[in-house]
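Notes to accompany the following structure.
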Amino acid sequence: MVKPIGATCNLDCTYCYYLHKNELLGHQAPKMSDEVLEEHIRQYIESQEGEEIVFSWQGGEPTLLGLDYFRKIIALQDRYRPKDQRIENDLQTNGTLIDEDWCRFLRKHKFLVGLSIDGPRELHDCYRVTTGGKPTFDRVFAAAKLLRRFGVKFNTLSVINRENARHPLEVYRFLSRDVRPDRLQFIPCVEPKDFEHVAPQQWDPETLPAIGTEQALPGGIVTDWSVDPNDWGGFLCVIFDEWYKRDIGRVFVNIFESCAAQWLGMDAQMCVHHEFCGKGVAIEHDGSVYSCDHYVYPEYRLGNITEQPIGDMIFSRRQMDFGFAKRDALPQWCRQCTYRFACNGECPKNRLLRSPDGEVGVNYLCPGFKRFFAHIDDRMREMAARIRAGDEARPQSRKQHSYKRRRRARSK
């Protein structure tokens, strides 16, 4: 995931996990130079062996760079692309700068857009505001309409936080019926109180609370705006029932597709539920490479593409150890869980709790996920049985629109 403008953004979202990176990493007015941009594109293409090469452009807010910068990206990709490979681009955006010119460009070059929107006006504007504290809903909703009018493929990315988690049907119905993206993606907001200065897995183990305690809720180990784990589970259960009853096969939701695959015995379609991690590598504007875009801290810096080939860093022993640690560090309490196959301990950055017997590494969202997986278990088993019997189409995740590409855009 490329951060060509670093953490620079025209919004000041309360829950943003990336705005502080400029200060943390000592960046001043970041922008990926032409030299670093070309080096990244060249190295990234040369390191790919598959038919499809996917570039994911994120931030901060990448559209602040302007259209000419992205025209330069396309020209460099064309220069270095082998004839037997195709290139795809994803763009993560808050949508506030999207206009007709942007839409023409995105459609022409077949970009997949990830549009950040948290629900209807009052829920979206709760946390997603400009640097001056003004609401952004009208501009983002207008961007969604423009993208749809110009035929630009886009997914919505909704951060489920302390507030909108309590209004699942309002959020789901607004997104699926009014915004109408290609896919709905829901990202639970979980940020430790010290996230601006302390990297994941660098916490003092003695400070981690036990699951089920008051400290394992918003305002305890995590920020006030983080989602309550029980609300997260309730949110998923409610929208799953709505989707299963009215929208199955018509509305595509990232976590439901991934569950369908996992109940079929396939791999998870989302990195957070896969057994291993380490593929969500991030490159900052200065060419520095980090183990994951949620791990952009000095402790997880792998190197710089101006000094070392990106392929060497990504396939280094250090990065492989990072990826396998997700499985190897899973507490015994989690290994014995009925739903380990569906959860795999979720994202390691959220493993903030202790098990009832004191073992470190339980996921903050565990109570919510357990509630959700138990809620859908019978229907997922039934669906999987019908699919195996050939009575209905396989989940969308098995078709050409695989989350190999579609899951890449992450919320800011």
Side-chain angles (χ1 to χ4, degrees), residues 1-5 32-59 62-63 65 67-93 102 105-114 152-155 157 182-183 185 254 267-271 274 276-293 296 302-306 308-316 319-320 323 396-410:
M1 285 167 278
V2 194
K3 313 281 187 176
I5 199 168
M32 187 172 281
S33 68
D34 291 352
E35 293 76 18
V36 174
L37 178 67
E38 181 169 0
E39 187 65 15
H40 168 64
I41 289 173
R42 181 188 66 79
Q43 286 191 28
Y44 190 63
I45 289 175
E46 289 179 357
S47 68
Q48 303 294 314
E49 297 178 349
E51 295 179 359
E52 179 185 66
I53 303 171
V54 180
F55 285 84
S56 294
W57 304 97
Q58 304 195 354
T63 60
L65 291 164
L67 272 171
D68 285 344
Y69 192 91
F70 278 84
R71 292 188 181 104
K72 187 187 309 176
I73 287 171
I74 296 298
L76 289 169
Q77 290 175 342
D78 288 343
R79 180 186 305 174
Y80 290 106
R81 179 182 62 85
K83 292 182 179 180
D84 59 346
Q85 291 176 302
R86 70 180 186 278
I87 289 177
E88 306 281 357
N89 286 281
D90 301 337
L91 176 69
Q92 167 75 38
T93 178
W102 267 106
F105 172 85
L106 295 168
R107 181 183 62 186
K108 177 180 178 180
H109 297 288
K110 299 179 181 179
F111 272 65
L112 171 69
V113 173
V152 179
K153 288 186 175 296
F154 75 101
N155 300 339
L157 293 98
D182 289 270
R183 272 180 177 76
Q185 301 183 61
N254 64 339
D267 284 340
Q269 303 297 298
M270 299 167 60
C271 67
H274 202 279
F276 310 107
C277 63
K279 296 183 179 181
V281 179
I283 178 169
E284 262 286 345
H285 76 287
D286 63 349
S288 293
V289 178
Y290 296 85
S291 291
C292 172
D293 78 325
V296 178
L302 298 174
N304 192 292
I305 63 169
T306 62
Q308 184 180 6
I310 191 171
D312 290 353
M313 287 182 274
I314 292 174
F315 291 100
S316 67
Q319 182 64 4
M320 287 193 285
Q396 183 78 357
S397 57
R398 195 67 183 268
K399 299 181 182 179
Q400 63 179 355
H401 298 302
S402 165
Y403 270 101
K404 285 175 66 178
R405 177 182 180 209
R406 293 331 195 209
R407 69 174 174 79
R408 291 187 190 279
R410 293 190 181 196

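Since the model is a prediction, treat every value here as computed from it, not as a measurement. By convention here, the first residue in the shown sequence is residue 1.
With values rounded to the nearest 0.5 angstrom, T63 atom OG1 is found 13.0 Å from Y69 atom OH. In this structure, CD1 on I74 lies 4.5 Å from CD on Q77, to the nearest 0.5 angstrom. With values rounded to the nearest 0.5 angstrom, R71 atom CZ is found 8.5 Å from K108 atom NZ. The CG atom of L112 lies 5.0 Å from the CG atom of N155; values are rounded to the nearest 0.5 Å. Distance CD1/I305 to CG/D286: 9.0 Å, rounded to 0.5 Å.
Put simply, the side chain of L65 does not reach to within 4.5 Å of the side chain of W57, judged on heavy atoms. At least one side-chain heavy atom of K3 sits under 4.5 Å from a side-chain heavy atom of E284. Within the 4.5 Å cutoff, the side chain of M1 has no heavy atoms near those of the Q92 side chain. Residues I41 and E38 have side chains not in contact (no heavy-atom distance under 4.5 Å, counting atoms from C-beta outward). Contact annotation: the side chain of V36 never approaches that of N304 to less than 4.5 Å [non-hydrogen atoms, C-beta and beyond]. Counting heavy atoms from C-beta outward, L91 and P62 have side chains that approach closer than 4.5 Å. For the pair H109/N89, no side-chain contact is recorded, criterion being any heavy-atom separation below 4.5 Å from C-beta on.
Smallest separation of non-hydrogen atoms from A268 and H274: CB-N, 3.7 Å. When all heavy atoms of Q43 and I310 are compared, the closest pair comes out as OE1-N, 2.7 Å. Between Y80 and I45 the shortest heavy-atom distance is O-CG2, 3.4 Å. Listed here is the closest heavy atom pair of K110 and E88: O-OE1, 4.1 Å. Nearest heavy-atom pair, D182 versus K153, reported as atom, atom and distance to 0.1 Å: OD2-CA, 3.4 Å. Closest of all the heavy-atom pairs between L157 and G114 is CD1-CA, 3.2 Å.
Put simply, the side chain of N254 never gets that close to the backbone of M270: no donor and acceptor are under 3.5 Å apart. With R81 contributing its side chain and Q85 its backbone, the two residues share a donor-acceptor pair below 3.5 Å. Distance alone, capped at 3.5 Å, places no donor-acceptor pair between the Q319 side chain and the L302 backbone. Side-chain atoms of Q308 do not come within 3.5 Å of backbone N or O of T306 as any donor-acceptor pair. Under the 3.5 Å distance criterion, the side-chain polar atoms of Q48 are left unmatched by any main-chain donor or acceptor of I53.
Relative orientation of the F105 and F111 rings is tilted, given thresholds of 30° and 60° on the angle between their planes.
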Report task. Step by step, work out the salt bridge (Lys or Arg N to Asp or Glu O under 4.0 Å) result for E46 and R42. Result -> CA-CA 6 Å; E46 289 179 357; R42 181 188 66 79; 2.9 Å; yes
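Residues meeting the ring-ring contact (aromatic ring centres under 6.0 Å, His included) test with H40, sequence neighbours left out: Y44, F55.
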